[in-house]
Number of protein chains: 2
Amino acid sequence: MSDAPQPATLERSTSSRRSYTIGELAKVFEVTPRTIRFYEQEGLLTPERRGRNRVYHEKDRVRLKLTLRGKRLGFSLAEIREVIQLYDRAPDGDERQLQRLLDILAEKRLAMQQQLEDIRVLQQELDDVETRCRESLQVLKAARGKR
Amino acid sequence: MSDAPQPATLERSTSSRRSYTIGELAKVFEVTPRTIRFYEQEGLLTPERRGRNRVYHEKDRVRLKLTLRGKRLGFSLAEIREVIQLYDRAPDGDERQLQRLLDILAEKRLAMQQQLEDIRVLQQELDDVETRCRESLQVLKAARGKR
DNA sequence: AGTCTACTTTACGTAAACGTCAAGCTAGTC
DNA sequence: GACTAGCTTGACGTTTACGTAAAGTAGACT
């Protein structure tokens, strides 16, 4: 219903296409279709259905991107779902809910502060290892020169 | 053997104590003893043994700290073990090994760059949600004022 | 009509990272 | 000397996040 006549041609890949199959989305984000279906099952995606098949739109693409970003940061799918629900429910919801959201946001923000600090420290440690590693290499090369 | 007479008294908690039991370490880092034993089983810790019991020293404390930091950043225990082994083997090892270490380091560094970017984006998104959230609250309060 | 190809559901399997008993040792205390 | 607290090993259980067939469907091509 209401298949608004869109300029289907001459609008190739403006990065904001109309829809995606599960296979396309999987290829783009380098995950398996199974993973995408699993995320749907976990309430992270809500694709349209055309018959049996799933049809994904920009909203889903954005959510998937967010999900994978969250995963890279070590969030569980449950936590990511929380954030997504924040995102969706932010405009409506009563005062108590909104206040609760602000609390959760503050909490997430703290976690990310911690992560920033963790990264800072870990980078410093990697620097140390690298330095010692390069020094060892120098020693080896020097020894080889004397031979 | 060789229990060098250390000033055991009047040297309370200079943060660099002599040894820890598994329970102490667990309490300090807010994990269970089971977790600590598991990390040992995975090759992340190598405590001394005094009879049957495990005795942890500074080295183990540092490693545990590193491990938990890695976990917060979403690293697997296997990856963390890699880093730890880097740390230990950096000074010795042949040239090919050292070169390999440098490669792994570069790779980890890339991953952390990605994480920094991820955090940046996510913080921006949290900002957006918070803004919309606060706007909604304003609307609610205004409506309440008019009533 | 037959054959791909890409989708679908259902369901069992698996690796990681612990949790949760169970049963036993051991050093210190009442 | 019984008791308790804290340690030990062993083993099975649990959650998360998918992997991996199996079996069926639906559209496109030859």
Side-chain angles (χ1 to χ4, degrees), chain A residues 3 8 17-57 60-61 63-85 111 118, chain B residues 3 8 17-57 60-61 63-85 111 118:
Chain A
D3 246 329
R17 256 177 53 190
R18 294 273 290 138
S19 66
Y20 308 82
T21 71
I22 195 171
E24 290 171 335
L25 219 53
K27 192 159 292 181
V28 170
F29 286 102
E30 298 185 294
V31 297
T32 68
R34 163 68 181 158
T35 296
I36 296 182
R37 290 194 198 101
F38 182 72
Y39 289 171
E40 174 181 353
Q41 181 183 325
E42 293 299 301
L44 299 173
L45 302 174
T46 50
E48 187 198 333
R49 288 291 180 139
R50 214 161 278 185
R52 273 164 83 82
N53 290 29
R54 295 170 174 83
V55 178
Y56 298 87
H57 300 281
D60 303 295
R61 212 183 57 83
R63 280 193 182 184
L64 181 51
K65 202 170 179 179
L66 182 94
T67 299
L68 296 176
R69 182 156 50 227
K71 285 227 63 190
R72 284 198 299 272
L73 290 174
F75 287 91
S76 72
L77 294 187
E79 291 173 313
I80 295 170
R81 180 175 43 215
E82 255 194 353
V83 173
I84 285 182
Q85 288 176 352
D118 285 337
Chain B
D3 246 328
R17 257 177 53 188
R18 293 274 288 138
S19 65
Y20 308 81
T21 71
I22 195 171
E24 290 171 336
L25 220 52
K27 191 159 292 182
V28 170
F29 288 101
E30 299 184 291
V31 296
T32 68
R34 163 67 183 162
T35 296
I36 295 182
R37 290 193 199 101
F38 182 73
Y39 289 170
E40 174 181 355
Q41 181 183 323
E42 293 300 299
L44 299 172
L45 302 173
T46 51
E48 186 198 334
R49 290 289 182 142
R50 213 161 280 185
R52 272 163 82 82
N53 290 26
R54 295 169 174 84
V55 179
Y56 299 88
H57 301 280
D60 302 295
R61 213 182 56 83
R63 279 194 183 185
L64 182 51
K65 201 170 179 178
L66 182 95
T67 299
L68 296 176
R69 183 156 50 226
K71 285 227 63 191
R72 284 197 300 271
L73 290 175
F75 287 91
S76 72
L77 294 186
E79 291 174 313
I80 295 170
R81 180 173 45 214
E82 257 193 351
V83 173
I84 285 182
Q85 287 176 353
D118 285 338

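Quick caveat, the model's predicted, so the values are computed rather than measured.
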How many Å lie between [atom1] on [X] and [atom2] on [N], as a whole number?
X	N	atom1	atom2	answer
A/Tyr39	D/dA17	OH	P	8 Å
B/Lys71	D/dT16	NZ	P	13 Å
B/Glu82	C/dA16	CD	C1'	16 Å
B/Arg54	C/dT26	CZ	P	15 Å
A/Glu40	C/dC7	CD	P	14 Å
A/Arg49	C/dT8	CZ	C1'	8 Å
A/Phe38	C/dG13	CZ	P	17 Å
B/Glu42	C/dA16	CD	P	8 Å

Pairing of A/Arg18 and A/Glu24 as salt bridge, 4.0 angstrom limit
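No, no charged N to carboxylate O under 4.0 Å.
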
If the threshold is 4.0 Å, N to carboxylate O, is there a salt bridge linking B/Glu42 and B/Lys71?
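A salt bridge is absent here (no side-chain N lies under 4.0 Å from a carboxylate O).
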
Nearest 0.5 Å, please: how far is OG1 in A/Thr21 from NZ in A/Lys27?
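A/Lys27 atom NZ to A/Thr21 atom OG1 measures 9.0 Å (nearest 0.5 Å).
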
A/Arg52 or A/Leu77: which one's nearest nucleotide on DNA chain D is closer to the 5' end?
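The residue mapped nearer the 5' terminus is A/Leu77.
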
Mapping B/Ile22 and B/Arg34 to their closest nucleotides on DNA chain D, which lands nearer the 5' end?
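Looking at the nearest nucleotide for each, B/Ile22 comes out on the 5' side.
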
Any A/Thr35 side-chain nitrogen or oxygen under 4.0 Å from OP1 or OP2 of D/dG19:
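Checking A/Thr35 against D/dG19: at least one side-chain N or O falls below 4.0 Å of OP1 or OP2.
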
It should be established whether A/Thr21 places a side-chain nitrogen or oxygen under 4.0 Å from OP1 or OP2 of nucleotide C/dC7.
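Yes, within the criterion.
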
So does B/Leu44 get a backbone contact from the side chain of B/Arg63, meaning a donor-acceptor N/O pair under 3.5 Å?
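Such a contact is found between B/Arg63 side chain and B/Leu44 backbone.
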
Just to be sure I understand the rule, does B/Arg37 reach a base, reach only the sugar-phosphate, or reach nothing, if contact means heavy atoms closer than 4.0 Å?
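Contact class for B/Arg37: base.
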
